[in-house]
Amino acid sequence: MSEAEVVERATGLLGRTFVGHGVTVRITEVEAYGGIEDPASHAYTRTQRSEIMFGPPWHLYVYRSYGIHHCANVVTGPTEKAAAVLLRAGEVVDGLELARERRPGVADAVLGRGPGNLALVLGLTLDDLGTPLLTGDGVHLGPEVPRPEQVRSGPRVGVSRAADVPWRLWLPDEPSVSAYRRSPRAPR
DNA sequence: TACACGATATTCT
DNA sequence: GAATATCGTGTAA
């Protein structure tokens, strides 16, 4: 898989809806991970945790981060490359009431800001690991949308390796997009 | 079996 | 801007 393909597939998710448990978001920010060829990817080393990414594409990869948060990824394949796209932020477009309940005291526009918060608002947990995302029921991806006219890109947030690869992609002027923070462990 | 460490978010100064 | 909670996972022993 070429670098261009990795970014291409990630870009295709921007602006698309993602249906979680009772809440739907429009994806505004993603990060691409290049699988076995990307030192920052969990699939760089094939383990039990990353095994799902070596399976067929369009399945859900969920992992626990810092013991507290869940982060949701779409496996984009192809199968042997284990590439995936981390969903970093989204705008809640349906199930607003439920989303508010899951994050009390937070402004609507910011409900789905950051990968941990997004997974929380969508109600995604490790129970959803491996869910096929193209089937219509339960947790799934919305229909494909036209390529966004403008896409911004920059280095990925919080990664200590390959910290300068600009594979974080987001839509301009979206209040739900998270702020950039370089990993304290990244060199330089 | 033990131990170190995050693809984070929030709180504190 | 800096500190840190918290625990599953990966890696070493």
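Here is how names work: the chains are called A, B, and so on, in the same order as the sequence lines, proteins then strands, and each is numbered from 1.
Side-chain atoms of A:H21 and A:D128 include a donor-acceptor pair closer than 3.5 Å.
When the side-chain nitrogen and oxygen atoms of A:R181 are compared with OP1 and OP2 of B:dT10, none of them lie within a distance under 4.0 Å. Dashed line: the shortest gap from a side-chain N or O of A:R49 to OP1 or OP2 of C:dG10 is under 4.0 Å. Taking only side-chain nitrogens and oxygens, A:H69 never comes nearer than 4.0 Å to OP1 or OP2 of B:dA9.
Residue-level contact check: A:R64 touches the backbone only, with heavy atoms under 4.0 Å from sugar-phosphate atoms and none from bases. Backbone-only engagement by A:N117 is indicated by non-hydrogen atom pairs under 4.0 Å involving sugar-phosphate atoms exclusively. At a threshold of 4.0 angstrom between heavy atoms, the contacts of A:R168 with the nucleic acid are absent. Within 4.0 Å (heavy atoms only), A:S183 reaches no atom of the nucleic acid at all.
Ion pairing between a basic and an acidic side chain is recognised when a charged N comes within 4.0 Å of a carboxylate O; A:D164 and A:R182 show such pairing. Using a 4.0 Å cut-off between a side-chain N of Lys or Arg and a carboxylate O of Asp or Glu, A:E8 and A:R147 qualify as a salt bridge. Ion pairing of A:K81 with A:E5 is absent here, as no side-chain N (NZ or NE/NH1/NH2) approaches a carboxylate O to less than 4.0 Å.
Straight-line distance from the OH atom of A:Y63 to the C1' atom of B:dA7: 3 Å, rounded to whole Å. Rounding to whole angstrom units, CZ of residue A:R182 and C1' of C:dA2 are separated by 18 Å.
Closest to the side chain of A:R185, out of B:dA9, C:dG10, B:dG6, is B:dG6.
By the 5.5 Å and 30° criteria, A:Y66 is not stacked with the base of B:dA9.
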